[in-house]
Amino acid sequence: MSIKTLPVVIALCCLGTTAFGQFQGQVYFRDEGVKVFAWSQEQTLAWCGGLNNPQPILADLNHDGKKDLVVYERDTKQVKTFINNGTAGNPLYVFKPEYARNFPRVDEYLKMDDYNRDSIPDLFHRGLYGMEVYKGYYNANNELCFTFYKDVYYNNDTHSIGFVNVYVEPSDIPAMVDLDGDGDLDFIAYWSGGSKLYYYKNYQVEEAWPKDSIIMKLADRCWGRLDQVFARPHNLNVACDNSGLTGLKPSGGPNRHTGNCLCIFDSDGDGDYDYMDGNVSYSDIQFLKNGKVESNSPVDSMISQDTMWQTNGHKLYEPQWPATFWMDIDQDGDKDLLFSPHADNTENFKCLSFYKNTGSDAAPVFTFQSDSFLMDKMIDAGSASYPMLYDYDRDGKLDLLVGSAGYYQANGTFRSKLLYYKNTSILYHASFTLQDDNLNNIFAENIAGSAPAIGDLNNDGKDDLVLGQTDGTIAYYPNTAATQAAQPNWAHSVNTQMNLKDSAGVPINVLASAAPFIYDLNKDGKPDLIIGSQYGNLFYYENISSAPGQIKLALRNAQLGNVNPDSSHNPYNNYPAPFIGRMDNTGIDYLLCGSKSGAIYRYDGFQTGNTTINYPVIDTMYSFINDGWRSTVTAGDIDGDGMYEMVIGNSKGGLTLFSQNQAANINTSPLTAGNTTDVRVYPNPAKDMLYLSWNKGFTQGNVQVSLYAITGQKILQVQVKGDQAGTAIPLPNLAPGTYYCEARSGMNRSVSAVTISK
């Protein structure tokens, strides 16, 4: 396991009702050192978090002269970065997420090319208007970074007034290529009506602007002389109306419904550009061949088309709206083709098809290699993964079970499995090995949703299995093994598998995306059932059974602890996913909760067994972890070194792993919000000044006063001499909201919530 030495920020205590935890700062750090094996090979990208709708790009991220891999996921706006540690013809892409921090927020599409010819990749994405450009540069650490350059406009169309943005239909992917061979980048995109291709010519060279310029003019309203309507075939040899276009200079190049992904490339090495069109209405790619060279035409004109590419080879299939990417992904000197599904909520595992160029760029031959390129190197359970650490094989080590919302099926539904990775760790060398990619034959149950929770619900002394389903119900599998010490046998026949019911005989249903957890919440010695719902609450079902083998669950609280992560953004669609238990070396149980935003929330106050009070939140982003939408969490000591690991699931169906590499600060003294018996903080709400006063018995030397944002960020800190009875603190232009004020003197501490208003 990789070990890092970074400081732990120790900050404030939680607030609200009496609580035993405290904000700990960053305790967990990302860990790529836990090895994972499957099918007799190492899954070298195991913890990269999975992919669903990848847009791959090649760029040198670390300035070593080799092309690295960048993958953009449109729906979550995530950029994932992979460094190439291989050699020419044998790339080895290693997940290095730290390089992604240097990217701006990307919208809809991501393209990278060197528009200013300084040998550094630049960045293009939709931005606010259609095409936004960032200039690339390398920082002092040789990391590729970006600075905003411009939104791209043109003004040579008399049909328009003034400058008009180079338009890209929302969700479309445009094309960028030096179409006329003059050295600068030109752009092509479908116009807003979706039937014709607009060619935006870059006049940087023609008008002798500096290389660090993009001077755009609309050059052609029907590039390729084609028209796309609703059928797969395009209309060819169409007339073009370019009236009203002004300021165009001669050069060596050319003068339906929405939803298109373009890829302009030279498919046959003849010097003109053909193109692939991924259409929102179809599951295949339409290929159109340019006849400009063959027919000696002055303009680009498509002369033939393969409406279901490859008709004479391995026909591409993506469930809806394929996107094409032309790049030398295997780094052997010629460009290959990659395809991915562009539509959300479609194919979520076989989502990157690789056609290797087995010829050359002068005479390409695109030969199908895989429909799950890179995916076989990842842990990926389709969409919305739910990990759980549990000693399944009873060898004393925590194994890894992974459920999910399911894998996309050809009929448009999702169907779930349960993955089982055996813990094959030895001390200081953590590892997992895939044993079963369909544990308990869950796939045969044809259920959508397999969020696992394990515990003894029927009071027979053996751990049962429940699976939270997408429709909000709970599938129940009793453990029929001989004893608790034996490996569980979770019955799944038609006679024993059932939708779990409450004590009144009504099927338990939390409406959508059930995320269960089993834990003795009321401290009566019997495991209870806590269920997260997509719509923002935790449901608490008390185990009221009095007989072995009997299930009897009573709903006691449909808003347990008033836990509702992300409620400030959207109180009704938050996907809370609970984990309750130890998650660091303090030996204290906490409630961790995943969320729609990806943040991990940490709650306290439940340890006394009170299930009716509000549970105070200690962290709104525990250990500063946010690694993708719909986070789910499980924690445990994987390799037995006394420090904990945390596995995080996400909407992409993959996993990331974080390790506790230093001891967490231990504070078991209960603190009450305000603690006004020793320290008074006023006024509250405050505006420009905050005042503190304290009793003489509070001081044990000097007093340190700190103000923290609700996220744990320290805003300010002052030292006050111990012989003073208080202090005044100016509030420098702070945004309105809740802050935490901590006073510390020797072993004495007091924390108060403070509202700042303006």
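Given the structure is predicted, the values throughout are model-derived calculations rather than measurements. Sequential numbering from 1 along the given sequence is applied to the chain's residues.
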For the aromatic rings, using the six-membered ring if either is Trp, is the centroid distance between [X] and [Y] under 6.0 Å?
| X | Y | value |
| --- | --- | --- |
| Phe354 | Phe373 | yes |
| Tyr134 | Tyr149 | no |
| Tyr167 | Tyr198 | no |
| Trp326 | Tyr273 | no |

Do the charged groups of [X] and [Y] touch, with an N to O distance under 4.0 Å?
| X | Y | result |
| --- | --- | --- |
| Lys217 | Glu207 | yes |
| Asp107 | Lys77 | yes |
| Asp627 | Arg30 | yes |
| Asp75 | Lys652 | yes |
| Asp157 | Arg221 | yes |

Flag side-chain contact, heavy atom, 4.5 Å: [X] against [Y]:
| X | Y | result |
| --- | --- | --- |
| Leu69 | Pro56 | yes |
| Gln43 | Met378 | no |
| Val168 | Glu108 | no |
| Met302 | His234 | no |
| Glu206 | Asp180 | yes |
| Gln534 | Asn573 | yes |
| Tyr115 | Asn202 | no |
| Cys351 | Tyr408 | no |

Any donor-acceptor N or O pair under 3.5 Å, side chains [X], [Y]:
| X | Y | value |
| --- | --- | --- |
| Glu143 | Asn62 | no |
| Tyr190 | Asp277 | yes |
| Tyr203 | Asp184 | no |
| Asp151 | Asn165 | no |
| Tyr200 | Asp220 | no |
| Asp68 | Thr81 | no |

Check whether NZ of the Lys or CZ of the Arg Lys596 lies under 6.0 Å from the centre of the six-membered ring of Trp629 and within 45 degrees of that ring's axis.
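Because its charged atom sits under 6.0 Å from the ring centre and within 45° of the axis, Lys596 does stack over Trp629.
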Which atom of [X] lies closest to which atom of [Y], heavy atoms considered:
| X | Y | answer |
| --- | --- | --- |
| Leu197 | Leu226 | CD1-CD1, 4.3 Å |
| Arg232 | Thr307 | CD-O, 3.6 Å |
| Gly594 | Ile600 | CA-CD1, 4.3 Å |
| Leu316 | Pro322 | CD2-CB, 4.1 Å |
| Pro341 | Asn53 | O-ND2, 2.9 Å |
| Ser416 | Ala448 | OG-C, 3.7 Å |

Pair Phe29, Asp31 - check side chain to side chain contact (heavy atoms under 4.5 Å, CB included), show working.
CA-CA 6 Å; Phe29 297 86; Asp31 190 347; over 6 Å; no
Point-to-point distance, once rounded to the nearest 0.5 Å, from NE2 of His125 to CZ of Arg105
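His125 atom NE2 to Arg105 atom CZ measures 9.0 Å (nearest 0.5 Å).
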For the CG atom of Asp186 and the OH atom of Tyr199, what is their distance to the nearest 0.5 Å?
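Rounded to the nearest 0.5 Å, the CG-OH separation comes out at 4.0 Å.
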Using a 6.0 Å cut-off, check whether atom [atom1] of [X] has over 12 heavy atoms from anything other than its own residue.
| X | atom1 | result |
| --- | --- | --- |
| Phe163 | CZ | no |
| Lys96 | NZ | no |
| Lys66 | NZ | yes |
| Lys67 | NZ | no |

Going through the distances and angles, do Phe103 and Phe146 end up as a ring-ring contact (aromatic ring centres under 6.0 Å, His included)?
CA-CA 7 Å; Phe103 282 68; Phe146 303 94; 4.9 Å; yes
Could you check Tyr622 against Val633 for side chain to side chain contact (heavy atoms under 4.5 Å, CB included), going step by step and ending with a plain yes or no?
CA-CA 11 Å; Tyr622 177 68; Val633 59; over 6 Å; no
When Phe339 is tested against each of Tyr317, Phe325, Trp309 for ring pair (Phe, Tyr, Trp, His ring centres under 6.0 Å), which residue passes?
Trp309
In sequence, state the C-alpha distance, the side-chain angles, and the governing distance for Asp300 and Arg225, and then conclude on side chain to side chain contact (heavy atoms under 4.5 Å, CB included).
CA-CA 7 Å; Asp300 292 279; Arg225 298 302 180 262; over 6 Å; no
Please lay out, stage by stage, how Tyr601 and Leu592 fare under the test side chain to side chain contact (heavy atoms under 4.5 Å, CB included).
CA-CA 6 Å; Tyr601 287 66; Leu592 298 177; over 6 Å; no
Set of residues satisfying side chain to side chain donor-acceptor pair (under 3.5 Å) with respect to Glu347, sequence neighbours excluded:
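Residues passing side chain to side chain donor-acceptor pair (under 3.5 Å) with Glu347: none at all.
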Derivation of the salt bridge (Lys or Arg N to Asp or Glu O under 4.0 Å) call for Lys201 and Asp182:
CA-CA 11 Å; Lys201 176 175 167 53; Asp182 64 355; 3.6 Å; yes
Could you check whether the rings of Tyr355 and Phe368 sit parallel, tilted or perpendicular, using 30° and 60° as the cut-offs?
perpendicular
